[in-house]
Amino acid sequence: MSLKSNIRQKIEYQCNNCGKQRILFIAPALQSEKVESHGYTEYADVHICKDNELQAIKLFVDTNYDVRTQVTVESKPKTEIPGITEMSGFSIPVPKKTEFLTEIIEPTKDFGGYNLFCLEIKDKLRQRNYILKTEKEGKIVKSISPLGFVEIKAKVSEDTTEEFTQEWLISLANTLESLVFLDEELLSYLGIYLDYMITSRPKEKELLELNLLLHSTKAIPHSTEEHISIFEEHVNEIYPDLNIVSYRMYKTIMESCFKNEQQTLMNVFEKIREKISQIQGFPYFISVVSNLVSFGFINLEKLEFYTIGS
């Protein structure tokens, strides 16, 4: 896209199914200069539509953040290509369907492949197959998102509990389907995170961590002077088991997010990693941020559509 401006941009459209006016605000730090080969950036809006049902809308947005084409997308179980219903009244046609592309997920160098041996994500919204694999053999566990756009197949250790793995994969599929914009580079972190986590049932905090991971390059963390003051005053009550190293990490993250308008969650991680040698990788950082978000010490500004009016 064109160079970032110093103001928040917005994408606004009317859902052709329920008639609701939907809007997405984009902070300067989240504005991208990248466009697809056809000259437009694609955004997805999965929301509760008429009859209280989920609906997927795909928007093709130009460099001025104007919606040039809008389509309703429907998953078809027996085919990789989703059904497209184009909304009338737009001046440009829907970009031609592309082949279903396969992208190899290159895991981070600390991925061990102890419990997760293979991860295949079929994303019909983005017409991509994402694959992370090792040479190990294991049992297959599958899941599918609510609208059927994201299908996941994992090969895992025989020692894992299939029920726990299934819950993790369902949560991952749901999160991927609901993303307004997927940064494919973040998929590299799924390997090490799930490899460690799928051995136990996901807790609410851990599901928040997974969501944060997949939003980390498209979310701006904010903290305030009041947040930091309350943290310092009540840290022993709120986090009674916090040691001095962890305390330093928590406070450093909050200070890095103080009046922040330019740094994404990933930017903050990279900045802190240069300061604190004890940081134990991105999953640990996300876990700390999850704790801070849960207690309201950090607020996140993400790419999310909202309904205007009733």
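Keep in mind that this is a model prediction, so the values were computed, not measured.
Ionic pairing of R8 and E301 is present here: one or more N-O contacts between side-chain nitrogen and carboxylate oxygen are shorter than 4.0 angstrom. Ion pairing between a basic and an acidic side chain is recognised when a charged N comes within 4.0 Å of a carboxylate O; E225 and K259 show no such pairing. In this structure, E304 does not pair ionically with K218, as no charged nitrogen and carboxylate oxygen lie closer than 4.0 Å. Note on E120 versus K155: no salt bridge recorded, every NZ/NE/NH1/NH2 to OD/OE distance being 4.0 Å or above.
Within the model, atoms CG of N129 and CD1 of I131 stand 5.5 Å from one another, a figure rounded to the nearest 0.5 Å. With rounding to the nearest 0.5 Å, the separation of CG in L59 from CD in Q70 is 5.5 Å. In this structure, L132 CG and L190 CG are separated by 8.5 Å, a value rounded to the nearest 0.5 Å. The distance from atom OG of S157 to atom CD of E137, rounded to the nearest 0.5 Å, is 12.5 Å.
Taking both residues in full, the closest heavy atoms of I192 and F111 are given as N-CD1, 3.6 Å, listed atom of the first, atom of the second, then distance. Annotation for E261 and I220: closest pair O-CD1, 3.8 Å, computed over non-hydrogen atoms. Nearest approach of Q14 to G19, heavy atoms of both residues: NE2-O, 3.0 Å. Among all heavy-atom pairs drawn from E177 and S145, the shortest one is OE2-OG, 2.6 Å.
Crowding of K142 atom NZ: a count of heavy atoms from other residues, nucleotides or ligands under 6.0 Å not exceeding 12. No more than 12 heavy-atom neighbours from other residues, nucleotides or ligands sit within 6.0 angstrom of NZ on K133.
In this model, a donor atom of one side chain and an acceptor atom of the other lie less than 3.5 Å apart for N267 and T264. Defined by atom type and a distance below 3.5 Å, a donor-acceptor pair is present between the side-chain atoms of N243 and S246. Looking only at atom types and distance, the side chain of E42 has no donor-acceptor partner in the side chain of Y40 under 3.5 Å away. Counting only N and O atoms by type, the side chains of S287 and E209 include a donor and acceptor under 3.5 Å apart. At a cut-off of 3.5 Å, with distance as the only test, no side-chain donor of T199 or N115 sits close to an acceptor on the other residue.
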Practice prompt. Using the side-chain contact (heavy atoms from CB on, under 4.5 Å) rule, take F285 and V289 through it: C-alpha gap first, then chi angles, then the decisive distance, then the call.
Written response: CA-CA 6 Å; F285 169 78; V289 172; 3.7 Å; yes
Worksheet entry | Derivation and outcome, ring-ring contact (aromatic ring centres under 6.0 Å, His included), residues F305 and Y43 | CA-CA 10 Å; F305 277 96; Y43 292 85; 7.3 Å; no
Discussion item. Run R126 and L182 through side-chain contact (heavy atoms from CB on, under 4.5 Å) and show every step you take.
Written reply: CA-CA 9 Å; R126 300 167 183 93; L182 171 62; 3.3 Å; yes
Practice prompt. Apply side-chain contact (heavy atoms from CB on, under 4.5 Å) to F282 and L213, showing your working.
Written response: CA-CA 9 Å; F282 190 60; L213 188 157; 4.1 Å; yes
Worksheet item: Step by step, would you call V67 with I11 a side-chain contact (heavy atoms from CB on, under 4.5 Å)?
Response: CA-CA 7 Å; V67 177; I11 298 173; 3.7 Å; yes
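Transitive grouping of hydrophobic side chains (ILVMFWY, heavy atoms separated by less than 4.5 Å) keeps F117 and L194 in distinct clusters. In terms of hydrophobic clustering, with Ile, Leu, Val, Met, Phe, Trp and Tyr side chains grouped at heavy-atom distances under 4.5 Å, F149 and V71 are assigned to a common cluster. Placement of W168 and I170 in two distinct hydrophobic clusters is found when ILVMFWY residues are connected by side-chain heavy-atom separations under 4.5 Å, directly or transitively.
A centroid separation of less than 6.0 Å is found between the aromatic rings of F231 and Y247.
A donor-acceptor pair is defined here as one N or O able to donate and one able to accept, closer than 3.5 Å; no such pair exists between the side chain of N174 and the backbone of L176.
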